[in-house]
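A note on names: the letters A, B, ... follow the listed sequences, proteins ahead of strands, and every chain is numbered from 1.
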Amino acid sequence: MAAAKKISALRGMRDALSEEYAQRRDIEAALAQHLRQHGYAPIDVPIVEQTELYLRKYGEEYSARLYDFSFKNRRIALRPELSASILRAYVDKLQGEPLPLRLRYAGAVFRYEKPQQYRWRQFTQAGAELLGAGGARADAELLYLACSGLERLGIREYRLVIGVDMLGGFLHNLGLRFQLLNFLLRNMENLRKYGEAHVVAALQAIYPQFQAEAREALAEPATGKQLIALLREMSDAEAHQAVSEFLNSLNIRVASNRDEGEVIDRLLYKIREDQQNPKLRRALDYMARLKPLAGAPAETLARARALAAEYQLEQCALDALERTLAALADHGKLGGSVEVDLGMNRGLNYYSGMVFEIYCPSENGAEIQVCGGGRYDALISNLGGGDLPAAGFAWGIERLASALPAAARLAQPALDVVIIPLAAADFAAAYQIARDLRERDLCVEVSIDGRGLRRGLRAAHRRGAAAAVIIGESERARGTASLRAMRSREQHIVPLSDLPNRVEDICRARG
RNA sequence: GUGGGCGUAGCUCAAUGGCAGAGCACCUGAUUGUGGUUCAGGCGGUUGAGGGUUCGAGCCCCUUCGUCCACCCCA
């Protein structure tokens, strides 16, 4: 018979084998205990949700990253994170709870992205949500929890980067088209990395009308200025109708093989798009000024205030950040470093106020993000709940595992004892001994392969057992067992009544 | 979405276009009641799949699938 074809795991999905899995569980347990001690209550939520939940949170553009499918005429998705589910559950079931409500969670999440190092399609997150509390104290509590959690795991070296958005609001107030606004938001990081010329080139690829050097002067001819301004004020349909009527009243026919409607659309597009140029120019200038606003908190804040004053922007976001930093300092000194980044927008539009990320050096030296979070005060009402402040964060468990210093990796619980029955008649006694030892909380395995003492001891050695208990005819005849300490190779015949104590001694000595 | 690398034994990998191999692991025995070593032997493959070129393909060409890495983006 030909061997059946092997079935391998799906792409981006990994089997966590014994050691890796045990380590992950240890990390989860330590973080759960950490959060528990800060008053966070556990909550578990479904792995699948209505896709609508995530569309509300992220918007339709991000749905490509979801495991999203229709099933029996319903559109459902695997959760890409747990926070949305927690807030949904809050709206559904917990609105009567006393506030603030502190919740913690852990579980698998799924994202349909191309897998690469430290990035899989299924991974594990643990995190916390703080509902019904806004302001600096709440923000600082979360920042502190996220950092001290790392320290509890033995991670001393990390970098906390806190941001408030100084970009999104600015661009929004400029009145840029949605597509261009999104482009600029997404390219703040590129502006930093590759400079303005790079971003301008990318911008012109999606918006060829943009002239990098264009200033407001040449866009506006003096005549017809009022008419153009008027057209810009109208809705698309109104403007289209107005131009159409205008042309008809002058008895102008469009002499081309294109439809009149198309020509008008094109004309309107031109009239309206031209005004994007000066706005883009202003946006790029502002972004260039924002670019260096990252680094040590006090100094960066001071420079940010100067910029905000120059552009006559509200200072309240910066005030809030300053209060949060002060509140964080009240928690005591952190082991890692703290930075501020005022260009940070986590590519996501649901954040309001503080956002943060934590980076660690991974085992191969490169820096990876191990934690992220922020405040999303509008989210609960978007999900049909009341107007309630909400903030939270999540750690990436697998990434934490790779950032754990070797010294902090927790030792795996080893097998304590292997019991080796020598013949079929010895098994009943062997199982009885195993039960007695397990009552002392020992990890005990009975060798069932029946391949003799030599193989049994070899197996015990390879399994890392501290002791072997040999039970054969001669031992049974006297109500004893042979107890062998694997490391020292010392072996004694021990009465069964003494056996548990003697085994415990050996296991303790193993250290 | 874009660009690379790699698919050969359970694992890590060899093999000028010319008999598909090694190490590790596994199994048996030397040692029938004594485990880190040693020695002797053994099991193990449609070389990811399909097509093409060739007297001959693991190797060259095409297609496809899988996988890893990087970019984009994200935790």
Chemist: Any N or O donor-acceptor pair under 3.5 Å from the base of A75(B) to the side chain of Arg111(A)?
Modeler: yes
Chemist: Between the side chains of Gln122(A) and Tyr67(A), is a donor N or O closer than 3.5 angstrom to an acceptor N or O?
Modeler: no
Chemist: Where each residue is assigned the nucleotide of RNA chain B containing its nearest heavy atom, which of Glu398(A) and Gln117(A) is assigned the position nearer the 5′ end?
Modeler: Gln117(A)
Chemist: Is it true that Glu398(A) and Arg24(A) have a side-chain N and a carboxylate O under 4.0 angstrom from each other?
Modeler: yes
Chemist: For Glu113(A) and C73(B), give me the distance from atom CD to atom C1', rounded to whole Å.
Modeler: 7 Å
Chemist: Restricting to nitrogen or oxygen on both sides, can you table the protein-nucleotides 64-67 of chain B pairs closer than 3.5 Å?
Modeler:
{"unit_1": "U67(B)", "atom_1": "OP1", "unit_2": "Arg11(A)", "atom_2": "N", "d": "3.0"}
{"unit_1": "U67(B)", "atom_1": "OP2", "unit_2": "Arg11(A)", "atom_2": "NE", "d": "3.4"}

Chemist: I would like to know whether Leu325(A) and Val338(A) meet side chain to side chain contact (heavy atoms under 4.5 Å, CB included); could you show each step before the answer?
Modeler: CA-CA 9 Å; Leu325(A) 287 165; Val338(A) 180; 4.2 Å; yes
Chemist: Can you run through RNA chain B from 5' to 3' and write each base as (, ), [, ], | or . depending on how it pairs? Watson-Crick or G-U wobble, both distances under 3.5 Å.
Modeler: (((((((..((((....[..)))).(((((.......))))).....(((((..]....))))))))))))....
Chemist: Got a sec, which residues hit side-chain hydrogen bond (donor to acceptor under 3.5 Å, both in side chains) with Asp377(A), two or more places apart in sequence or on another chain?
Modeler: Arg375(A)
Chemist: A quick test of your reading: do over 12 heavy atoms of other residues, nucleotides or ligands sit less than 6.0 Å from CD of Glu473(A)?
Modeler: no
Chemist: What I want to find out is whether Arg502(A) reaches Asp505(A) closely enough, with some N-O distance under 4.0 Å, to be called a salt bridge.
Modeler: no
Chemist: Does Arg455(A) have any salt bridge (charged side-chain N to carboxylate O under 4.0 Å, His left out) partners at least two apart in sequence or in another chain, and if so, which?
Modeler: none
Chemist: Tell me, for nucleotides 27-34 of chain B in 5' to 3' order, what letter each nucleotide earns: B for a base near a protein heavy atom under 4.0 Å, S for only sugar-phosphate near one, - for neither?
Modeler: SS-BB-BB
Chemist: Between Glu49(A) and Arg79(A), does any side-chain N to carboxylate O distance fall below 4.0 Å?
Modeler: no
Chemist: Is the shortest distance from a Lys or Arg side-chain nitrogen in Arg289(A) or Asp285(A) to a carboxylate oxygen in the other one below 4.0 Å?
Modeler: no
Chemist: Applying the 5.5 Å / 30° rule, does Tyr118(A) stack onto the base of A75(B)?
Modeler: no
Chemist: Compare every heavy atom of Val109(A) with every heavy atom of Glu81(A), then report the nearest pair and how far apart it is.
Modeler: CA-CG1, 3.6 Å
Chemist: Do you know which two heavy atoms are closest between Phe356(A) and Gly392(A), and how far apart they sit?
Modeler: CE2-O, 4.4 Å
Chemist: Between G29(B) and C11(B), how far apart are the C1' atoms? Round to whole Å, please.
Modeler: 25 Å
Chemist: Taking only N/O atoms, report every protein-nucleotides 1-8 of chain B pair under 3.5 Å with atom names and distance.
Modeler:
{"unit_1": "U2(B)", "atom_1": "O4", "unit_2": "Lys114(A)", "atom_2": "NZ", "d": "2.7"}

Chemist: Say we look at U28(B) and G44(B): how far apart would their C1' atoms be, to the nearest angstrom?
Modeler: 15 Å
